[in-house]
Engineer: 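Provided herewith is a single structure, encoded as structure tokens, for subsequent inquiry.
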There are 6 protein chains.
Amino acid sequence: MRIAVMNCNTNSTMTDLIAKSARSVARPGTEILGIQPAWGPESAEGWYDSFITAAAGLDRLVKLTDEIDGLVMAGFGEHGREGARELLDVPVLDITEAAAMLALPLGQRYGVITTLDRSIVQIEESLRTAGLADHCIAICATDLGVLELEDDPVRTHRAFVEAGRQALEQGAEVLCLGCAGMAGLEESVREELGVPVIDGVKAAVGVVESLVSLGLTTSKIGGFASPRAKSRLGWPITSTTGHLK
Amino acid sequence: MRIAVMNCNTNSTMTDLIAKSARSVARPGTEILGIQPAWGPESAEGWYDSFITAAAGLDRLVKLTDEIDGLVMAGFGEHGREGARELLDVPVLDITEAAAMLALPLGQRYGVITTLDRSIVQIEESLRTAGLADHCIAICATDLGVLELEDDPVRTHRAFVEAGRQALEQGAEVLCLGCAGMAGLEESVREELGVPVIDGVKAAVGVVESLVSLGLTTSKIGGFASPRAKSRLGWPITSTTGHLK
Amino acid sequence: MRIAVMNCNTNSTMTDLIAKSARSVARPGTEILGIQPAWGPESAEGWYDSFITAAAGLDRLVKLTDEIDGLVMAGFGEHGREGARELLDVPVLDITEAAAMLALPLGQRYGVITTLDRSIVQIEESLRTAGLADHCIAICATDLGVLELEDDPVRTHRAFVEAGRQALEQGAEVLCLGCAGMAGLEESVREELGVPVIDGVKAAVGVVESLVSLGLTTSKIGGFASPRAKSRLGWPITSTTGHLK
Amino acid sequence: MRIAVMNCNTNSTMTDLIAKSARSVARPGTEILGIQPAWGPESAEGWYDSFITAAAGLDRLVKLTDEIDGLVMAGFGEHGREGARELLDVPVLDITEAAAMLALPLGQRYGVITTLDRSIVQIEESLRTAGLADHCIAICATDLGVLELEDDPVRTHRAFVEAGRQALEQGAEVLCLGCAGMAGLEESVREELGVPVIDGVKAAVGVVESLVSLGLTTSKIGGFASPRAKSRLGWPITSTTGHLK
Amino acid sequence: MRIAVMNCNTNSTMTDLIAKSARSVARPGTEILGIQPAWGPESAEGWYDSFITAAAGLDRLVKLTDEIDGLVMAGFGEHGREGARELLDVPVLDITEAAAMLALPLGQRYGVITTLDRSIVQIEESLRTAGLADHCIAICATDLGVLELEDDPVRTHRAFVEAGRQALEQGAEVLCLGCAGMAGLEESVREELGVPVIDGVKAAVGVVESLVSLGLTTSKIGGFASPRAKSRLGWPITSTTGHLK
Amino acid sequence: MRIAVMNCNTNSTMTDLIAKSARSVARPGTEILGIQPAWGPESAEGWYDSFITAAAGLDRLVKLTDEIDGLVMAGFGEHGREGARELLDVPVLDITEAAAMLALPLGQRYGVITTLDRSIVQIEESLRTAGLADHCIAICATDLGVLELEDDPVRTHRAFVEAGRQALEQGAEVLCLGCAGMAGLEESVREELGVPVIDGVKAAVGVVESLVSLGLTTSKIGGFASPRAKSRLGWPITSTTGHLK
């Protein structure tokens, strides 16, 4: 099967890392197609960026010519998910919900480690809209921006361990990494804190593979019915200078 | 003061109606600036459209050269609200939350009349994210698309009365119209059903005027802090063929 | 239009301050009628006082001979609101819900600064009954009684700043002042903490003016239908020695 | 021990019936003191009446000269409960919460049969404030006013059976009677519907007796601390013409 | 009447203490029958033990030859309660819910003091399933295992006071002891902390006596209908070496 | 990897069907080990059966000599799940939560089709304890007992379609089959109703495989820490006549 894994931002290094991470856990026979929007922010931090990436991601999906069997949206707490479900029939999973799903059976309550304080409520709302917020007991920030994560792996590790520890003190028994494509981070945090740590990209690949294997597709009778035919002026976006990947 | 009232779609007839409706209730001295996105769907129905209009609306706001004192976002249940709050300092209100706010003190529980079934959960989530869903006891659909509302006013009236009646039977004591710019509809439904009926555009104008009068502005210490400086490839959207209004 | 602003207690100095505060924000053409109960406590602190002021306020309203277009009930977290809605057709708003309403669009979560610890749960319940508790993330007390607020403005300012800071630490991005008639307090706290601070009296005046302007009145089909005709022994209270104001 | 059972209205026939009902289930050695407010409505129906009875009941309690060991407040869904808890040290229970408490262990979900539609939300809020609303799955009205209940016992029985049946269809497995002093009604409904039916007065007597036996009293460290010393103008009410009972 | 009080574990010393405690508060004429499972852990700590004690308790009840009028299940937060309600017609109450019930009217929010951290969520879920979790604001652990409680009464007292203090700081106004059969502990904690402290066994005896007195029995129309007739291989358990008490 | 799939009852035909169903979707290289308790009911219907199967399942697991990498518990809405998580380090998933997990991304709200009315609340509580109840909008019963499902496949199909239709009318967009081992049922219902239908056994196999592949194991720092060492009288159950499978 072929799974598209879409980075939410236009940072192609990150797109590559995410695709690589996805490939590292994909089943034999699963092809991972790493894609990213043609326009939009180089990192998504906050509601403003999030809504831009939502449309940019949908724009990318409209233009997608490859046949795919499933889609992973690799923005933690970012918008667009339900729009992609309307657009596509194949299963769509974002890494926020995938991480939460796999966290649920591993502990009584889970926590999320995110980048900036400003994203905490946004993540909470994303989990709530996904129906997965009930057992989320803490969302703790590292105060590192998305693009700072790669700068200094040791600092990133330490910041994640510190935020993770705060979540554990508040009652979390499992942790979700609220970012994408950080090679090795979940192992190093898991090792230091002694609790399961979940990477959303890897989680999402597994769950989408299961949905595809079972022949399950998005319900088309309600809120995720295909978009209505209508005029959408200037859409999809045609003349930005972004490169398609 | 000057209040921008932004239609969420690219239908300029609707933009005009919305601005006219806003003007009909604005205080003396309030100037209403009717605007609309330069691109995007002619009507917003469902998550896919909603995320496009969210980005298109933000794109429009980035390019806004007029000084404004407040913003009304005239899409019922549509996205983008929190992004606009990041972008601007002035108060931002969408008609979904404004209608709900004014409904709360008028009855124990309120209902919403919307266009299509597919929007019910989306509106519910919008109200929840706005912190106003607790007393919403029913969201009932008319099965008329946004663009069909203007076609046949009598049919529209009848469909809204019918959906309103369903909401009352489920316990609503006040009704919110889940659409924008329908001249006279709230009066005719109110008359027939004998309960308060709230038009979100009119409600929002009043609440924004109050916020502006009191010198209140959006909090910039948390989730609505200004967007971070960063590269946003191809943004704002430059080369679509849409007309700015 | 004429708006009655009813202090919940029998302290006429406070009634005057509240009316003055209301007048300071009323639209041109709005007349503010400051009233207070003829009997009851000089300040409302706790459930016992609250239920006395609820009945005393209703008693005052029954005897009201002035025509009014709307009512503001100026007791933060106090009871009686829904009873006034039964009694009157015109819009009724209490300052608890008005402050919360205006807080919602300005930040992701809001906090309330109240006087005494003992009022925290009562305020929480008042917000819940009003359908506005969802985004209230902290209610913090100053440990100053209602009548102590006026004694020493500097101490009051410092106590509110301190309690406000606690609320911000718990995630609030906007603050509501849980008291009435404190001239200048919201400005001084706003200045020191750098977040929007909302005075309930001023908020309520604006929202009621909007409701009145839109011709909206209380729903009479359900829980706020007019009180049933019946014998109410010794009611309204006739022989207390209180002065009507 | 001596338990005061306070009718919330000024209908002395009802007060007698309530006291009689309480006595029918009191343990040997428990003295039941039937009391009622000196003023207020002859029946409580809706928020307006409820707030009057709350103050009138507190007024009655302030003047109570008898030593009591516990208090039952016999108004279903009526206010005042938390005020009495401030005023007194002895356990205070209202029949709304008592009925719900005993309903919980007898079935997975319970329903309430009330008099008028207008009381449904008020009862829901009363149960929520008492912390007992979670398992309440239906509140169904008979459309009989409080004073009509006694008129025609057969009609009353039939109306309660009909409303009870509606509650069962919605998932209730146990029923609470939302009224006070209706001799024999819970037996006749129980017989016809084949489910446990709980009378709040009887329930409350048992629970208060248990609290008293265990030496438990109201917590005085938080919201139910004794009312603060202060001037309460014209309170307690001195010159109404009501008779104390 | 005869009330069975069933210890959830196989520790007969504890069974005796629990029965003694129950007898100390039972009404004259109430006979307390202390029983325990024939097999299972000597103390219940965590989900694994809890599910074993649930079945072991049901096994004990199936074999019960004594006529009983009510059942108290003396495991705090342990499972089995709803199964016993299916099996029996007489009222069944567990000490978790009984303590919570009596706590509700005594303070605005209550706390629970439990033994080990690992039980916190389990107790929370038990209260939720019982419909009584809404007002539970804190569950604090002493870090003493069940069997350590008896070892050193002074240490136990101190640990409970310390955990109780934590609960009060989080907003509790009443405390429930999350254990069974600790003679004198609720008095000593109550004395030191100055708040009501509730022992679940004593609470449960009183509530069950009330239910029995009122002739109330478990609803048999829904989830607690009698178990279906069917083959249950090897059940009840026949050949364990446990002694029946 | 080797995954144990444990039927909750002692019906070996059903155990075989469940294992077969699991094998039909397992990845190449996954070995499915079908097991069942040595004692307990031939079908689990209601709380009483559920608690027996919980202990019987744990008893089976204690005695399990095979090395396993993950466990699927194949009882829909049945207890024991959290106990198994204490006992084992490997991932444990029950079919209730697995079905819900895969339903979430496929529709805005999901419904469950169960056997008997009596199980509805039990399933609701199971989903809530698993943190997955938020989006469950309907649980509808077929009125067929577990053992009747196999009798007449046409009747079963029709009953599931009918209950599914009810769930869709209440707002479900995806359906979960609340039973185990019904070959072909999800396909036939999916075909007739045109919505995704999820079989919990198949869902659980996929999710457990993902957890195992990612090297994730149960958190041992909180509520799922290994059971404490202690005397457990007569446990595991030694002398029942049941056959181990």
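Letters go in sequence order (proteins before strands), and every chain restarts at 1.
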Engineer: Mind checking the CD1-CG spacing from D:Ile198 to E:Leu211? Nearest 0.5 Å is all I need.
Structural biologist: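 Answer for the CD1-CG pair, D:Ile198 versus E:Leu211, is 7.0 Å.
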
Engineer: Under a 4.5 Å heavy-atom cut-off, does chain E meet the side chain of D:Ser213, its backbone, both or neither?
Structural biologist: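 Neither part; nothing is under 4.5 Å.
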
Engineer: Between D:Ala133, D:Gly206, D:Pro196, which shows the greatest number of heavy-atom pairs under 4.5 Å with chain E?
Structural biologist: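 Of D:Ala133, D:Gly206, D:Pro196, D:Pro196 has the most heavy-atom pairs under 4.5 Å with chain E.
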
Engineer: Taking D:Ala172, D:Gly223, D:Ser210 one by one, which has the highest count of heavy-atom pairs under 4.5 Å against chain E?
Structural biologist: D:Gly223

Engineer: Quick one: are E:Ser219 and D:Gln108 in side-chain contact, heavy atoms under 4.5 Å?
Structural biologist: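 No, side chains not in contact.
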
Engineer: Please state whether the side chain, the backbone, both or neither of D:Ile221 comes within less than 4.5 Å of a heavy atom of chain E.
Structural biologist: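 Looking at D:Ile221, just its side chain touches chain E.
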
Engineer: When heavy-atom pairs shorter than 4.5 Å are enumerated against chain D, which of E:Leu102, E:Val207, E:Leu193, E:Asp94 gives the highest number?
Structural biologist: E:Leu102

Engineer: What's the spacing between E:Glu173 CD and D:Thr218 OG1 if we round to 0.5 Å?
Structural biologist: 10.5 Å

Engineer: Just so I understand: if I count every heavy-atom pair under 4.5 Å between each of D:Pro28, D:Ala130, D:Ala100 and chain E, which residue has the most?
Structural biologist: D:Ala130

Engineer: Return the option, out of D:Leu93, D:Val195, D:Val92, D:Leu168, with the maximum number of heavy-atom pairs under 4.5 Å with chain E.
Structural biologist: D:Val195

Engineer: Distance check, rounded to the nearest 0.5 Å: D:Met101 atom CE versus E:Leu132 atom CG?
Structural biologist: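 The distance works out to 8.0 Å.
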
Engineer: Contact part of E:Ala98 toward chain D, heavy-atom cut-off under 4.5 Å: side chain, backbone, both or neither?
Structural biologist: neither

Engineer: Which one of E:Glu187, E:Glu186, E:His135, E:Lys202 has the most heavy-atom pairs closer than 4.5 Å to chain D?
Structural biologist: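 Looking at each option in turn, the highest pair count goes to E:His135.
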
Engineer: Answer with side chain, backbone, both or neither: which region of E:Thr129 has an atom nearer than 4.5 Å to a non-hydrogen atom of chain D?
Structural biologist: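 Just its backbone gets close to chain D.
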
Engineer: Mind ranking E:Val174, E:Val205, E:Val197, E:Asp134 by heavy-atom pairs under 4.5 Å with chain D and telling me who comes out on top?
Structural biologist: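 Winner by heavy-atom pair count: E:Asp134.
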
Engineer: Heavy-atom pairs under 4.5 Å with chain D - which of E:Arg190, E:Lys220, E:Glu209 has more of them than the others?
Structural biologist: E:Arg190

Engineer: Looking at D:Arg81, D:Glu82, D:Arg27, which makes the most heavy-atom pairs under 4.5 Å with chain E?
Structural biologist: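 So the answer, after comparing D:Arg81, D:Glu82, D:Arg27, is D:Arg27.
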
Engineer: Just so I understand: if I count every heavy-atom pair under 4.5 Å between each of D:Pro105, D:Gly131, D:Gly222 and chain E, which residue has the most?
Structural biologist: D:Pro105

